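These numbers were taken from a predicted model, which means no experiment stands behind them. Letters A, B, ... mirror the listed sequences (proteins, then strands); counts begin at 1.
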Number of protein chains: 2
Amino acid sequence: MSFDPATLKYDDKGLIPAIAQDAASGEVLMMAWMNHEAVAKTLETGRVTYWSRSRQAFWIKGESSGHVQELVDFRYDCDADCVLVTVHQTGPACHTNRRSCFYRAVREGEVVELMAPML
Amino acid sequence: MSFDPATLKYDDKGLIPAIAQDAASGEVLMMAWMNHEAVAKTLETGRVTYWSRSRQAFWIKGESSGHVQELVDFRYDCDADCVLVTVHQTGPACHTNRRSCFYRAVREGEVVELMAPML
């Protein structure tokens with residue numbers, strides 16, 4: 001069956017959450033949003049492309065920072081309302097310069113920082 | 001710093017996306033939604049608890065199916081608008097009886113099924 005980005009289920013803003021996972025390590029790097037054109041661009045170019053809600057513009061990950069995400073595999077879930085991209089991540093995924101955006105944990109009620117910014 | 005679930009950023013429906021990842025294998029299992037009470041219940045009970053948007057009720061994962069998610073680590077991202085729970089998953093995470101909800105990929109424009117339902 002050929003894939004049509006329009007068959008995914010987008011929310012009332014036309015967006016779908018997209019999880020980025022490191023293809024080699026399995027680490028979950030970040031979550032951002034795509035619209036159906038960003039889904040199409042990601043598949044066409046092999047460069048993971050989100051929709052920036054703050055800028056209301058396409059966000060080709062790493063275009064300004066160099067911290068690009070090369071698409072390895074594009075997956076979607078049972079309800080077709082969430083995307084999972086496995087990627088080769090260059091440098092840190094997080095704008096705080098950490099490898100992953102999920103750098104804080106809650107343990108025994110306390111916030112614990114799990115990783116430092118990359119040098 | 002002690003953690004207060006109210007400090008996470010919830011959307012205009014009071015919800016935050018929550019990604020569940022298998023703590024042992026690193027596999028991304030599913031994405032669902034929590035409200036601030038579901039976050040608190042998850043942390044208090046160690047049983048991952050979502051908010052069901054269709055039922056408008058708490059959804060203690062596995063309560064009816066037995067496919068529970070035991071919380072291993074609770075993490076959140078740089079913008080505090082997405083949660084990542086690492087879990088011990090009993091049985092399949094997906095209601096289709098597959099291990100992960102992300103069982104379909106798009107490869108060379110075609111939809112490919114990556115895993116079969118568990119027996």
Side-chain angles (χ1 to χ4, degrees), chain A residues 1-5 7-8 11-13 16-22 24-33 39 42-44 53-54 71-86 93-98 100-114, chain B residues 1-5 7-8 11-13 16-22 24-33 39 42-44 53-54 71-86 93-98 100-114:
Chain A
M1 188 176 72
S2 71
F3 176 74
D4 178 356
T7 59
L8 296 178
D11 69 10
D12 51 10
K13 297 180 185 75
I16 189 168
I19 303 160
Q21 181 181 31
D22 188 287
S25 70
E27 187 175 20
V28 175
L29 299 172
M30 58 181 284
M31 195 284 280
W33 297 80
V39 168
T42 296
L43 287 166
E44 282 162 23
R53 297 178 299 171
S54 55
L71 181 68
V72 175
D73 207 19
F74 183 101
R75 299 177 190 166
Y76 60 99
D77 75 349
C78 50
D79 294 328
D81 64 1
C82 188
V83 164
L84 173 67
V85 286
T86 68
C94 185
H95 75 285
T96 67
N97 229 37
R98 290 172 175 88
S100 164
C101 293
F102 296 94
Y103 62 85
R104 289 174 294 193
V106 179
R107 295 177 181 172
E108 297 177 1
E110 298 291 315
V111 177
V112 178
E113 199 164 307
L114 304 175
Chain B
M1 188 176 73
S2 70
F3 176 75
D4 178 355
T7 59
L8 296 178
D11 69 10
D12 51 9
K13 297 180 184 75
I16 190 168
I19 303 159
Q21 181 182 31
D22 189 288
S25 70
E27 187 176 20
V28 175
L29 299 172
M30 58 181 283
M31 196 283 279
W33 298 80
V39 168
T42 296
L43 287 166
E44 282 162 23
R53 296 178 299 171
S54 55
L71 181 67
V72 175
D73 206 18
F74 183 100
R75 300 177 190 166
Y76 60 100
D77 74 349
C78 50
D79 295 327
D81 63 2
C82 187
V83 164
L84 173 67
V85 286
T86 68
C94 185
H95 75 286
T96 68
N97 229 38
R98 289 172 176 88
S100 163
C101 293
F102 296 94
Y103 63 85
R104 288 174 295 194
V106 179
R107 294 178 182 170
E108 297 177 0
E110 298 291 314
V111 177
V112 177
E113 199 164 305
L114 304 175

Using the side chain to side chain contact (heavy atoms under 4.5 Å, CB included) rule, take A:Val83 and B:Phe102 through it: C-alpha gap first, then chi angles, then the decisive distance, then the call. CA-CA 8 Å; A:Val83 164; B:Phe102 296 94; 6.0 Å; no
Side chain to side chain contact (heavy atoms under 4.5 Å, CB included) between A:Tyr103 and B:Asp77: does it pass, once the steps are laid out? CA-CA 7 Å; A:Tyr103 62 85; B:Asp77 74 349; over 6 Å; no
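Interface residue A:Thr96: only side-chain heavy atoms are found under 4.5 Å from chain B. In this structure, the portion of A:Arg107 lying under 4.5 Å from any heavy atom of chain B is its side chain and not its backbone. Only the side chain of A:Asp12 comes within less than 4.5 Å of a heavy atom of chain B; its backbone N, CA, C and O stay farther away. Both the backbone and the side chain of A:Leu84 come within contact range of chain B, each with at least one heavy atom under 4.5 Å from a heavy atom of that chain. Only the side chain of A:Cys94 comes within contact range of chain B, with heavy atoms under 4.5 Å apart. Neither the backbone nor the side chain of A:Val112 comes within less than 4.5 Å of any heavy atom in chain B.
A:Ala105 approaches B:Arg75 most closely through the heavy-atom pair CB-CG, 3.9 Å. Taking all atoms of both residues into account, the shortest heavy-atom contact from A:Val106 to B:Asp73 is O-OD1, 4.3 Å.
Among the candidates B:His95, B:Glu108, B:Glu44, B:Arg98, the residue making the largest number of heavy-atom pairs closer than 4.5 Å to chain A is B:His95. Options B:Val28, B:Asp81, B:Leu43 differ in how many heavy-atom pairs under 4.5 Å they form with chain A, and the most are formed by B:Val28.
We find the CG-CE distance between A:Asp79 and B:Met30 to be 9.5 Å, quoted to the nearest 0.5 Å. Atom SG of B:Cys78 sits about 10.5 Å away from atom CE of A:Met31, to the nearest 0.5 Å. Separating the CE atom in A:Met1 from the CZ atom in B:Arg104 is a distance of 7.0 Å, to the nearest 0.5 Å.
A side-chain donor-acceptor contact under 3.5 Å links B:Gln21 to the backbone of A:Gly26.
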